Amino acid sequence: MRQVLLAADTPVVVANATGCLEVATTIFPYTAWRCPFIHCAFENAASTLSGVETAYRALKKKGKISQDIRFIAFGGDGGTYDIGLQALSGACERGHRMLYVCYDNQAYMNTGIQRSSATPLGAATTTCPAGKLLPGKSQNRKDLTEIMAAHHIPYVAQTSPGRWNDLVSKTQTALRTEGPSFMNVLSPCPRGWRFPPNETIKIAQLAVDTCLWPLYEVVEGKWRLTYRPKQKLPVEEWLKTQGRFAHLFKGDNQQVIEQLQAEVDRRWEELLEKSS
Amino acid sequence: MRQVLLAADTPVVVANATGCLEVATTIFPYTAWRCPFIHCAFENAASTLSGVETAYRALKKKGKISQDIRFIAFGGDGGTYDIGLQALSGACERGHRMLYVCYDNQAYMNTGIQRSSATPLGAATTTCPAGKLLPGKSQNRKDLTEIMAAHHIPYVAQTSPGRWNDLVSKTQTALRTEGPSFMNVLSPCPRGWRFPPNETIKIAQLAVDTCLWPLYEVVEGKWRLTYRPKQKLPVEEWLKTQGRFAHLFKGDNQQVIEQLQAEVDRRWEELLEKSS
Amino acid sequence: MKITPDTGWKKLPQGGVILEAGNAEQYITGSWRTFRPIRDEQKCTNCLLCWIHCPDSSIIVENAKIVGIDYDHCKGCGICAEVCPPRIKAITMVEERKTDDLK
Amino acid sequence: MKITPDTGWKKLPQGGVILEAGNAEQYITGSWRTFRPIRDEQKCTNCLLCWIHCPDSSIIVENAKIVGIDYDHCKGCGICAEVCPPRIKAITMVEERKTDDLK
Amino acid sequence: MGKLISMEGNQAAAEAMRQINPDVVAAYPITPQTEVVQTFAQFVADGRVDTEFITVESEHSAMSACVGAAAAGTRVMTATSANGMALMWEILYIAASTRLPIVMALVNRALSANINIHCDHSDSMGARDAGWIQLYCENSQEVYDTLIQAVRIAEHPQVRLPVMVCYDGFIISHAVECLKLLEDKEVQEFVGEFKPVNSLLDIAHPHTFGPLDLYDFYFEHKRQQIEAYGPAKQVIVEIGKQFSALSGREYGLFEGYRLQDARLAIVLLGSAAGTAKEAVDRLRADGLPIGLLKLRAFRPFPSEELIQLLGGFEAVAVLDRAVSFGATAGPLFTEISSALFRADRRPLLVNYIYGLGGRDIDIEDIQKVGEELERTAERGKTEQLVDYVSVRE
Amino acid sequence: MGKLISMEGNQAAAEAMRQINPDVVAAYPITPQTEVVQTFAQFVADGRVDTEFITVESEHSAMSACVGAAAAGTRVMTATSANGMALMWEILYIAASTRLPIVMALVNRALSANINIHCDHSDSMGARDAGWIQLYCENSQEVYDTLIQAVRIAEHPQVRLPVMVCYDGFIISHAVECLKLLEDKEVQEFVGEFKPVNSLLDIAHPHTFGPLDLYDFYFEHKRQQIEAYGPAKQVIVEIGKQFSALSGREYGLFEGYRLQDARLAIVLLGSAAGTAKEAVDRLRADGLPIGLLKLRAFRPFPSEELIQLLGGFEAVAVLDRAVSFGATAGPLFTEISSALFRADRRPLLVNYIYGLGGRDIDIEDIQKVGEELERTAERGKTEQLVDYVSVRE
Amino acid sequence: MSKMIEVRWHGRGGQGAKTAAYLLAESAMQEGKYIQAFPEYGPERMGAPMMAFTRISDTPIRIHCHVKTPQVVAVLDPTLLETVDILDGVPKDGTVVVNTGESPDSLRRSLSISGRRLFTVPATQIALETIGKPIPNTPMIGAMIKASGLLNIEAVITNTRKSFEKKFSGLVVEKNIQAIRRAYEEVKSE
Amino acid sequence: MSKMIEVRWHGRGGQGAKTAAYLLAESAMQEGKYIQAFPEYGPERMGAPMMAFTRISDTPIRIHCHVKTPQVVAVLDPTLLETVDILDGVPKDGTVVVNTGESPDSLRRSLSISGRRLFTVPATQIALETIGKPIPNTPMIGAMIKASGLLNIEAVITNTRKSFEKKFSGLVVEKNIQAIRRAYEEVKSE
Ligand SMILES: Cc1ncc(C[n+]2csc(CCOP(=O)(O)OP(=O)(O)O)c2C)c(N)n1
Ligand SMILES: Cc1ncc(C[n+]2csc(CCOP(=O)(O)OP(=O)(O)O)c2C)c(N)n1
Ligand code: SF4
Ligand code: SF4
Ligand code: SF4
Ligand code: SF4
Ligand code: SF4
Ligand code: SF4
Ligand SMILES: [Mg+2]
Ligand SMILES: [Mg+2]
């Protein structure tokens, strides 16, 4: 997330939903934040920040503030795809100038790896464990980036820390956008996905190369792929790097992989079509 | 809404969000509903019904119930685009077999015509009145049908009571769908839109013919226009039938109409492309 | 059990539930009407458009034929008259004149 | 005012706010580490990849050059070693052996 | 000082808001609060206020946006009712504990289920732990006056707490009554400019709001917050005095009516107070030594003051327009009896639950309460602790 | 009857749920409740229960789904904590007023702000008006036993109310303790089959749930609901007896510890009761005539019983693990002092606020309370009404 | 209390009973009276029977209960006579004004009303003829102040003008005023 | 209270202090004792210092407060000695077991510990050699029961086997048991 902040050349105010990021960076009396920061609750980073942004406009209008300030909200996938979706949707519709960044680690990590609607099909979490009866999550992941694009806001992007330049340039575009912008950032989580921390970047990259997490942006309704893998790898390549998918390689769970591959292919084709 | 129920040939259980429909049909000790009906709150028709549907599956599994039952939720635009969006999104992601019908009258009518995110650009409501400074609502309407299509649920449709057959056949398709389905039904409101009640059907039809409210469906990701107006009328034709747009025809508000027309055109083109 | 304005708390069904389905039809709202739809049987082609669109379910249909209008619940909105095909115009809205037949 | 574990309620800033930005750096977390990244200055090309990816902001950069590693906060995750280009491999992870230099 | 004009309670509220001219308003419509929002939206559309109005998509977001805007150092107002307040309940605590001086018009309405749009106090009573100052109004004049005072109370350096200005849905919100308004300038001078203590927009001093706070500091933060309610009591009285100097209308923690020589008293909140005054007059005319205590401040709860005031009475009837299901009695009764527990001389106490979901309470109803109260006093003991006004058996 | 085994409190809760095997569970994770949900999810994944588990996207939807499922005539359970409960607050009232026998494990945790994951009772206390029966547990054994009893209490024809089984976050939820389990069959026989009164799935008898209810009927509906809490008290006692016949473990509305010959008493809820028993023993050893009253049922509140029990005491210390900001004292104190107001002989009462946000309370802390209580009794009057345990000045 | 008059308005959603109640109150206020006015608290729906109330007093009005024993009743829609007990709580010497073309006598007979001072006025017809719309509220005000003697007509007219000017064109205002005057003249007593 | 033993475990997130505390408790329970075990209540993070507690008693354990005066302390990570006051609350006759290759004597000197019964064991090394992973928790149990005399080793082994069998392969279980035994043997006293 620091990468996002580094990309900002105007002072920013940050709002954060409850989640790993917030818990890891602020424990009274310590804060890791060097910019103004507010955490209100789990589900309302977008609405809280929309209040802050409005306050800013009110004071600007009255000449009580002169400086330019940008506003960034951070939320995990739980705080964005699930419990905070409505607040985000509302803020976007109202048109606040703010960047909402979802750091998507595909589960509720802070509370110990429960499924979210961002959890991919087949992944095991503590609330959709791989058990005798059920092979992990039985639903496909919500495609939040697409949902946000359907909000017709001026800027929507999907990116990954695996590709630093992509992330930075998208952040800069987003912050320049006069109106709401949304960025979905895949954020591999060693603990929740079960892999050694040093593979973080590799796994982020693999998600992109398997087209499970394509990098693209939607600018004023125009779709554009920002990176096209030289070779589209099978999702298996990505799945096998992570313990949460280990059960898929056992017994007759192979078909879940096929299902997942089919869905990835379908969405990828759709994306290719839209961005052509 | 009765039209929706008439189209069902299996017994249905209905959940209803707070709004005109609910208030008009149930005042203790009277109910207009002949099927089992539950109203819980304003924002939770989808989640309440997902509980009912799950209960049904639980009892079926245990053999305590044998009958086939279908589940329909009704919500106004306020209860669906705004305060109930998250409950709907969540229910869709979980995959409950239920039909959610949004009767979209483009504002909070039950509480006296306040703007919702479904209110079109330029429309006057009591919370975005046409005043000395502001010419009605300053944001475009959220395109909920598209947002729901981005949820990748098996069936999504947009329809209008102006076209009875369209509505009935879509309802039937929706009820046949094994999984979540969503229907967005334009519902002209004489009081809120300010027109005489007997013009209801005409106005519903005009919304379709101006392409402001195209009729289409998305079946398993495939987009299909279900009606193509012989001649695409200018939105003005529709606007001028309603008091809530009267101010747009005065002063220098003409440009709002142009803006609206541009947005309608843009979304219509996009739709044509997707459904080709 | 029928619930009336005098029913006390001991007799109400628990949980605020209404047990009797569709009992709203006992609630006569026809008097709210200012205009009354009158259908001309001769002209009517039984296309059922009025039945489909009546918001108060007040067009009475039997065997796919219109047999009457439920004036106890019709609120006189005029939608039926509006949707009746222009070539046919089987329904006209007539002002209620209850004043005249005041008992 | 510095807040310590002994600070009583009368002295805390109102509303639970933390007034001092970025004071978490006073909170030494380096001892949580099991492995320690060691950078070979000779090999390093100052590509800054490690700086970009370090989750604990523990690679210290001055004038676009790496000048050191902040062992007070580095948690030893090894990401820097991983992202350092394979041809270069300027960073290696070495097991902490505090046991040995126990005072 | 203005002359008598007539207005609905909600319009009076909106008018006060117009004159206060807050920086930010975030609100969501709900009956019977709606007209406040609508009227104010019209002021915005007509450029009669500078306020930025956030048309949120739910009450949860309304309060969240208020928290954001207040933390950003602006003067913030909102309004809601019943289930609207219920949906923001979580964030009410956050607003208070973060010490944000938000002012809310709470138009009291019954909570669901079943859904009912009329007045009772179950909504505000359900938030009585949340940390908001709660002031209850008897009529439109008080709504108007109290909203103006609320801004000062909330922002007072020794208080810095959000304030709920509660008034009865429909009964006050939708009734036209006579009231006097202040001049715009008078109001603006009275409320003054808002001076935030810490602000998110203070880029030079970046603060962190709402951090994780474990068992090593959380209790201290709460202890500190608890301490604010004492000064709040004094500030309410003090601001009331200042307002009275400006308007000629008196405000404090409560209002006593014919209590001086009374041996019996009725205690209640809100719009029934006027009806009760009439009932008291009639009972007095019948020779009953009865008076009325109308509580204005329910939070902070003036318990020492009540001990002083009611300690010597023979019998007191507490009228509750809310229920705490499964509790011994209504929330106001519980609070008052708990406070009077410490009194040296304790009156007999009885509780009446009235007006749930908008059920009318009229002069005769309250007269009957007074008459029963006298019998209780004569008997020297409470026979029935809780009774219900006008409920069909 | 099973032998002693060891389990965390949350596992004990999940184990009870497994044996109850409800039709539907809808829940959302939140610390410290999470393990209940996780463990149960594993039971579902392994086919060890027949339950349909709804993985909702928020607590508001969790409770809404529970309402839907319960109205559809199924046995429904859920679990949450703190802000999770806060987010479902609106729907809590609806569940109770619709008379739906939902059972919830509420793992007590402090409400935000600031955000804190540890135990206090502010969450459940904030819902004390909502109409839910609230039973508080001292340890894992009670969590397990009470969840099983709760199903019967909730569904009892004279009750038909939702039940919250409250236990202290981390202190109980995350501690391994010894407990005894019943056999699966015993539990299933004890809870029996659920027989709904009205069901949405009863297609032959279509009912309308949750209609608009104006001032002509709403109050009567509330009045009817109020009436359920009396029988609920008896049912809690009765089911407790039945459970005791099965398990050998006693349950009622409260538990007295060394109260018989006591003149001083401590009253509290939850996990501190055990610590307090130890403190009582030590104080007794020092010659103090002190006992403990551990309240189990906070809703319905056993006020007549408390008058009986505590009426004759010299002094009682009420320990609150929650604050009602701006009130005179903590919520438990308020309730108890209000109840005792009617007692013929009234003890001196003092209030201690302790343990907010997980602050530890130990044996010595409670001993000190006991010693101060004795001084109060000797003095014959309360000097300081409210005090705070272990807060840094 | 002795000097407080309570008025009840019966109408249907859309007929302006609430406006009438408010207008009457405002006019009284202009005359130095204290007032209160409120509609029946229910969901407002076009065509549904509804009530509104006005209280007028020489001293500040404190009470906030429903009006149960109105001294004056105005019925804006004669069809209501069939379904609503418009005499409920009206004292024997109360005043009742009904919008109908019938005479008070025949009305008394057809409804078998005993006691009360009965007045009728063809308000809808007057409205149609003056304003051009069948909205009987303003004429009913004229009729009722005449019948009850509550207020001076000029005061009512001045206030109506002031209040309507904010919302309507001059022509509409004058037509309404004309309607008030005509009804004031044409109201029939027994 | 007289018969209750309180144990404090110091470790780092990921080292299994909680598991050790639980295992010890369970073993004690198998021996007919009443037990309680809980981690320090805080956000758990890899590498962060953390504590866990075990209570063992002949009679049911009622108290639910923190452990403040543990009779036995086990330190799973020697680096903690620098930052955490591991002796906090430990009575003079308390037992302290540290995972280190050093001797108790030199440890006492380097940390200037007075009183307490000091023990050391190279638990990480044992773990590496037996289990193959540097997770010192099971060997530390072996060391600590020897040092404290709290429990019989066979009871602990039986219970560990039972408890681990649910989660791990037979081989892993046996390696852990081997680790316990080795540490039991190799723990050094002064
Ligand atoms: C209303 C509410 N419900 C639940 C929680 C508990 N909770 C806090 S963070 C969290 C999960 C966060 O998941 P996500 O947003 O994906 O962020 P991550 O921790 O994965 O970074 C949950 C369930 C809460 N704080 N508030
Ligand atoms: C939490 C909550 N907020 C607000 C309300 C008030 N409310 C009830 S219905 C409604 C508007 C409904 O609008 P919509 O969903 O569009 O339905 P319509 O009335 O237009 O048919 C509002 C704001 C409520 N009941 N609950
Ligand atoms: S590794 Fe995973 S669980 Fe740990 S802080 Fe990062 S996101 Fe959260
Ligand atoms: S006309 Fe409009 S306001 Fe009236 S019931 Fe229909 S939707 Fe609601
Ligand atoms: S007038 Fe309206 S309500 Fe009456 S029958 Fe026709 S459509 Fe139905
Ligand atoms: S719409 Fe006209 S023609 Fe068709 S059925 Fe109705 S009345 Fe007959
Ligand atoms: S090991 Fe991890 S924390 Fe340490 S410097 Fe490298 S990347 Fe940063
Ligand atoms: S990644 Fe390697 S080469 Fe690049 S700056 Fe870091 S240490 Fe040097
Ligand atoms: Mg996440
Ligand atoms: Mg609507």
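Sequence lines set the chain letters: A, B, ... in the order given, protein chains first and strands last, and positions in each chain run from 1. Worth saying up front: this structure is predicted, and the values here are computed from it rather than measured.
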With respect to chain B, which residue among C/T4, C/I79, C/I52, C/L49 yields the maximal number of heavy-atom pairs within a distance under 4.5 Å?
C/I52

Name the option with the most non-hydrogen atom pairs under 4.5 Å to chain B; the candidates are C/I18, C/L12, C/V83.
C/I18

Option in C/A81, C/G22, C/A21, C/C77 with maximal non-hydrogen atom pairs under 4.5 Å from chain B
C/G22

Is B/T200 close to chain C through its backbone or its side chain, or both, or neither, when contacts mean heavy atoms under 4.5 Å?
side chain

Heavy-atom pairs under 4.5 Å with chain C are the metric here; pick the option from B/P161, B/A32, B/P29 that has the most.
B/P29

Hey, what's the ring geometry for B/F74 with B/W33, parallel, tilted or perpendicular (30° and 60° as the breaks)?
tilted

Within the structure provided, determine whether B/M109 and B/R191 are in side-chain contact (heavy-atom separation under 4.5 Å).
no

With a 4.5 Å cut-off on heavy-atom pairs, point out which of C/E25, C/K2, C/M93 contacts chain B the most.
C/E25

Listing request: all salt bridge (charged side-chain N to carboxylate O under 4.0 Å, His left out) pairs with a residue in residues 38-50 of chain B, at least two apart in sequence or in separate chains.
none

For chain B, find which of C/C54, C/C80, C/P5 contributes the most heavy-atom pairs closer than 4.5 angstrom.
C/C54

Shortest non-hydrogen pair, C/C50 vs C/I59, comes out as O-CG1, 3.8 Å

Residue pair B/D68 / B/T10, side-chain donor-acceptor N/O under 3.5 Å:
no

Any residue meeting ring pair (Phe, Tyr, Trp, His ring centres under 6.0 Å) with B/W238, in chain and number order, not counting sequence neighbours:
B/W193, B/F245

Tell me, for C/T7 versus chain B, whether the close heavy atoms (under 4.5 Å) come from the side chain, the backbone, both or neither.
neither

